[in-house]
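This report refers to the structure that appears directly beneath it.
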Amino acid sequence: MSPSSSAAADPITAIHSDIVRSHILNRLDGPTLASTSCASTQLLSLCNDDHLWREICNSTWPSTTDPRVRDVISGFPFGYRSFYCDAFPAVGYQHSAKRTKKRSPSGTSELISAVDIYCDDQLVYSKVMVAETHSGWFICSPFRLDLLDPKETVPTPLKFDGEDGNCMDIASDRLRVSWVLIDPAKNRAVNVASLKDVEARRHWLTEEVRLRFATVAAGGDGEAVQCAVMVTCGGREGEEMHVREVYMQVEDMEGKIVCGMESLAILGEAMEGQRCRSSRRTEKENYEMLMKMKIEYIERKQRRERSLDLAFIATGVSIFLAILIHFLSR
């Protein structure tokens with residue numbers, strides 16, 4: 001056997017571990033690194049290096065370089081690898097007719113949001129914010145997390161054209177957002193934003209573009225809900241487009257914003273629930289499925305309300321006729 005064929009037959013594990021780690025594994029993305037770890041026991045040990053996963057998380061979500069996020073991730077069972085396994089895949093949802101019992105969000109005193117906004121895969125804005133979740137105001141009020149201050153805007157390289165119908169398509173194709181929610185008490189995380197927007201609309205009066213990045217999750221009563229990240233863009237004619245509003249909320253089947261206590265239970269289930277690989281097509285199909293279920297839900301509710309109205313009317317007429325007959329028979 002020639003030396004070249006002998007070298008080709010040698011396994012990768014024959015290479016020094018430092019070379020594998022510093023010249024091969026550090027060039028892989030998260031899914032590839034996870035797959036590589038299944039090849040052998042030695043590769044599993046090398047791929048579990050927390051430094052590799054930290055670099056992947058920092059490049060995927062620049063907001064994870066924030067000291068507050070870094071401190072929380074250090075408490076995850078396997079550090080950055082556990083965080084990546086929570087935050088990278090999409091939230092899994094399976095429709096079931098069985099109604100599930102709501103779980104109490106006990107132990108969750110705050111939620112950390114790690115948010116990154118991109119344009120053409122270039123980071124334009126990154127922020128980490130902490131929301132307390134134990135006050136009565138939060139528990140009873142509609143759940144909504146606002147990323148930007150009232151007068152704060154984020155400039156983008158895009159041009160705003162109020163008369164151009166392609167402006168909405170350009171924003172939809174080139175802007176994306178990642179919103180990772182972290183529960184420091186339970187050491188779990190979930191990315192509630194879809195890979196790409198599932199809906200793009202333009203306001204008829206202000207011409208602002210509104211993008212919806214939503215994932216479908218299971219509600220406490222068995223019905224589907226959506227974790228929606230809304231991004232509003234606008235600007236002056238011919239000048240650069242600015243992101244003017246970014247917020248996250250949980251909406252039920254009727255489109256109503258869920259209260260803080262119920263949202264914590266839903267998000268807690270999503271953090272602990274199944275994950276799945278996703279794509280823009282899959283996310284679009286899940287959102288369209290949710291919209292179809294929403295229409296069916298509203299139609300069922302309207303039918304029930306009409307049935308109740310008819311029952312009340314029939315009861316009222318019966319009472320009126322009974323009283324009328326009683327007086328006529330006297």
Side-chain angles (χ1 to χ4, degrees), residues 29-30 56-70 72-73 83-84 86-91 111-131 143-161 166-182 189-203 206-215 226-236 239-251 267 278-280 283-284 287:
D29 59 11
I56 290 175
C57 288
N58 291 166
S59 60
T60 306
W61 307 288
S63 54
T64 57
T65 59
D66 188 281
R68 292 169 293 182
V69 177
R70 187 173 62 242
V72 173
I73 295 177
F83 177 81
Y84 187 88
D86 273 357
F88 178 76
V91 178
L111 283 177
I112 299 177
S113 296
V115 189
D116 301 290
I117 302 175
Y118 301 86
C119 181
D120 295 331
D121 293 328
Q122 297 296 319
L123 183 70
V124 296
Y125 188 81
S126 183
K127 184 177 181 179
V128 172
M129 61 181 187
V130 180
F143 177 83
R144 170 167 165 161
L145 300 176
D146 286 279
L147 182 68
L148 305 179
D149 295 330
K151 296 184 179 181
E152 182 181 8
T153 61
V154 178
T156 69
L158 307 179
K159 295 295 183 181
F160 183 81
D161 190 342
N166 294 327
C167 185
M168 183 176 65
D169 296 331
I170 293 174
S172 176
D173 291 337
R174 300 176 63 180
L175 289 178
R176 67 181 180 90
V177 61
S178 169
W179 192 305
V180 180
L181 282 173
I182 308 170
V190 64
N191 196 336
V192 294
S194 52
L195 297 173
K196 295 290 291 184
D197 63 282
V198 295
E199 180 185 70
R201 292 186 178 183
R202 199 163 188 182
H203 195 278
T206 63
E207 299 292 344
E208 290 181 330
V209 177
R210 174 165 291 189
L211 306 177
R212 180 184 294 266
F213 299 81
T215 54
Q226 63 167 306
C227 303
V229 177
M230 305 299 300
V231 178
T232 303
C233 308
R236 294 183 178 180
E239 298 183 0
E240 64 182 10
M241 180 183 295
H242 283 70
V243 176
R244 294 180 172 177
E245 189 178 42
V246 183
Y247 61 89
M248 183 263 162
Q249 61 190 23
V250 180
E251 301 178 11
L267 294 172
S278 186
S279 64
R280 187 173 187 180
E283 292 171 342
K284 196 76 172 179
Y287 182 73

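Note that the numbering runs from 1 along the sequence shown for the chain. We use all heavy atoms of the structure for the numbers below, so side chains are in, but hydrogens, waters and symmetry mates are not.
- Side-chain contact between I117 and V231 is absent, with no heavy-atom pair separated by less than 4.5 Å.
- The main-chain N or O of C57 is found under 3.5 Å from a side-chain atom of T64 such that the two form a donor-acceptor pair.
- Checking side-chain atoms of D116 against main-chain N and O of S63 turns up a donor-acceptor pair under 3.5 Å.
- Between L211 and V177, the closest side-chain pair of non-hydrogen atoms is not below 4.5 Å.
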Applying salt bridge (Lys or Arg N to Asp or Glu O under 4.0 Å) to E199 and R201, what does each step give before you reach the verdict?
CA-CA 7 Å; E199 180 185 70; R201 292 186 178 183; 3.2 Å; yes

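- One N or O on the side chain of N191 and one on the backbone of A193 form a donor-acceptor pair closer than 3.5 Å.
- Under the 3.5 Å distance criterion, the side-chain polar atoms of Q226 are left unmatched by any main-chain donor or acceptor of Y287.
- Aromatic ring pairs are classed by plane angle as parallel below 30°, tilted from 30° to 60° and perpendicular above 60°; the pair W61 and Y84 is tilted.
- Of the possible polar contacts, one joining the D66 side chain to the R68 backbone as a donor-acceptor pair under 3.5 Å is found.
- Using a 4.5 Å heavy-atom cutoff, the side chains of L147 and W179 are in contact.
- Checking side-chain atoms of K284 against main-chain N and O of V198 turns up a donor-acceptor pair under 3.5 Å.
- The closest donor-acceptor contact from the side chain of R70 to the backbone of T65 lies under 3.5 Å.
- Without hydrogens or angle criteria, S172 side chain to M168 main chain gives no donor-acceptor distance under 3.5 Å.
- Although no hydrogens or angles enter the test, the distance criterion places a donor-acceptor pair under 3.5 Å between the side chain of R202 and the main chain of E207.
- Looking at heavy atoms from C-beta onward, F83 lies in side-chain contact with I182 at the 4.5 angstrom threshold.
- The two residues A228 and R212 come nearest to each other via the heavy atoms CB-NH1, 3.6 Å.
- Taking 4.5 Å as the limit, every side-chain heavy atom of F143 sits out of range of all side-chain heavy atoms of C227.
- Listed for the K196 side chain is no donor-acceptor partner under 3.5 Å among the backbone atoms of R176.
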